[in-house]
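Each remark here refers to the structure printed beneath this line.
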There are 2 protein chains.
Amino acid sequence: MIKPSDYELKLLRHLWRAGRLSARELHDASVEETNWSYSATRKTLERMIEKGLVTLEAVHGLNTYVAAQSKVETLAVLASAFARDVLDLDAPLPAAAFAGSKLVSPGEIAELETLLQDLSAKAKGEGKS
Amino acid sequence: MIKPSDYELKLLRHLWRAGRLSARELHDASVEETNWSYSATRKTLERMIEKGLVTLEAVHGLNTYVAAQSKVETLAVLASAFARDVLDLDAPLPAAAFAGSKLVSPGEIAELETLLQDLSAKAKGEGKS
DNA sequence: ACTCAAATGCGACGCATGTCGCATGTATGC
DNA sequence: GCATACATGCGACATGCGTCGCATTTGAGT
């Protein structure tokens with residue numbers, strides 16, 4: 001599970017919503033938030049492939065991109081990093097923290113909570129060794 | 001208000017607790033978490049001064065360091081960045097998110113909530129313009 | 001006054017990442 | 001068959017930051 005940077009996250013959001021996008025489509029969709037040149041978008045995308053954040057899929061000769069991690073998984077990584085590094089918390093973030101976010105449905109919040117518990121349990125295990 | 005990196009935050013935590021520390025003291029206190037050489041600690045500290053995260057105070061010729069932002073202010077910046085960038089939330093994080101953290105007392109949570117509201121209100125204002 | 005250890009200042013390397021541009025391919029319309 | 005437009009591959013520069021070493025200064029002890 002890889003922790004994306006803020007900008008990478010912006011791109012990922014579009015991919016989660018759309019499922020699969022070409023570089024051009026993704027750029028057009030995200031340029032308002034990033035203010036990037038097309039080249040910048042593509043380069044970032046390229047590095048996200050190397051890192052395993054997105055997968056490349058050629059469709060009829062055109063390259064398209066798909067998120068390699070689910071939204072909920074990614075949110076879980078980010079949230080547990082925040083809880084650990086900023087809040088200095090052992091336990092996972094309470095579900096209440098996500099309640100107001102438009103990004104996640106109630107069902108996804110439940111899923112998130114499960115993942116969060118797994119992550120903090122695993123961290124604890126490693127910490128003890 | 002400056003947003004510290006994870007490592008910078010580790011150093012800041014010691015400064016908040018101790019109030020004022022020399023480079024050597026701070027290094028000794030934090031080396032267990034950072035696993036840094038003394039030089040690394042000092043360099044980071046130096047850059048934190050440039051950035052305005054800490055202030056240098058010479059006491060009888062010995063350099064000491066003091067956090068330039070309060071713990072609660074810093075937590076507020078970090079929390080609102082998380083809410084905005086990760087959760088895509090307009091409103092501030094609910095206080096419940098901080099409830100379990102050993103870093104903040106109930107009184108500080110109240111203070112935090114006020115700051116968080118200010119920050120999100122200001123962000124909104126700027127966003128609209 | 002001399003020595004020694006600790007404190008300081010400063011330069012540097014490497015990696016990640018934001019940011020671009022250019023050269024080459026390739027498909028499409030004339 | 002050729003020009004035009006977009007897609008792709010790839011190289012590059014700057015900045016931030018983690019990481020470290022070294023040379024110089026300075027204070028304390030003898």
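Chain naming here is simple, since letters A, B, ... match the order of the sequence lines and numbering starts at 1 in each.
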Heavy-atom donor-acceptor pair, Arg42(A) side-chain to dG21(C) base, under 3.5 Å: no
Contact under 4.0 Å: Ser5(A) side-chain N or O vs dG18(C) OP1/OP2: yes
Nearest listed nucleotide, side chain of Ser37(A), among dC20(C), dC10(C), dC17(D): dC20(C)
Side-chain (Glu108(A)) to main-chain (Ser105(A)) donor-acceptor, under 3.5 angstrom: yes
Rounded interatomic separation in angstrom, taking NZ from Lys3(B) and C1' from dC17(D): 14 Å
Touch class at under 4.0 angstrom, heavy-atom based, for Thr34(B) against every strand present: nothing
Cation-pi check, Arg84(A) onto Phe82(A) ring (under 6.0 Å, within 45° of axis): no
Spacing of Met48(A) atom CE relative to dG18(C) atom P, expressed in whole Å: 10 Å
Whichever of Leu56(A) and Arg47(A) has its nearest DNA chain D nucleotide further upstream toward 5': Leu56(A)
Closest-nucleotide ordering on DNA chain D, the 5'-leading residue of Gly61(A) and Asp6(B): Gly61(A)
Thr44(B) (side chain) and dG18(D) (base): donor-acceptor pair under 3.5 Å: no
Closest to the Glu46(A) side chain, choosing from dC10(D), dG18(C), dC10(C): dC10(D)
Step-by-step side chain to side chain donor-acceptor pair (under 3.5 Å) determination, Thr64(B) to Glu57(B): CA-CA 5 Å; Thr64(B) 52; Glu57(B) 285 183 19; 4.8 Å; no
Integer-rounded Å distance: dG21(D) P and His27(B) NE2: 12 Å
Shortest side-chain distance from Ala23(A), nucleotide among dC20(C), dT8(D), dC17(D): dT8(D)
Glu8(B)/Lys51(B) salt bridge by N-O under 4.0 Å criterion: yes
Whole-Å distance separating the CD atom of Glu50(A) from the C1' atom of dT8(D): 15 Å
Six-ring centre of Tyr65(A), Arg20(A) cation under 6.0 angstrom, axis tolerance 45°: no
Options dT8(D), dC20(D), dC17(D), nucleotide nearest the side-chain atoms of Asn63(A): dT8(D)
For atom CD1 of Ile2(A) and atom P of dA16(C), their distance in whole Å: 13 Å
Check: dG9(D) base within 3.5 Å donor-acceptor of Lys43(A) side chain: no
Touch class at under 4.0 angstrom, heavy-atom based, for Arg24(A) against every strand present: sugar-phosphate
Separation of dT26(D) C1' from His60(B) NE2 (nearest whole Å): 16 Å
Selection from dC20(C), dT8(D), dT8(C) that lies nearest to any side-chain heavy atom of Tyr38(A): dT8(D)
Value in whole Å for how far the P atom of dG18(C) lies from CG of Leu45(A): 13 Å
Lys43(A) with Glu46(A): basic N within carboxylate O range, under 4.0 Å: yes
Interatomic distance, Leu62(B) CG vs dT25(D) P [rounded to whole Å]: 19 Å
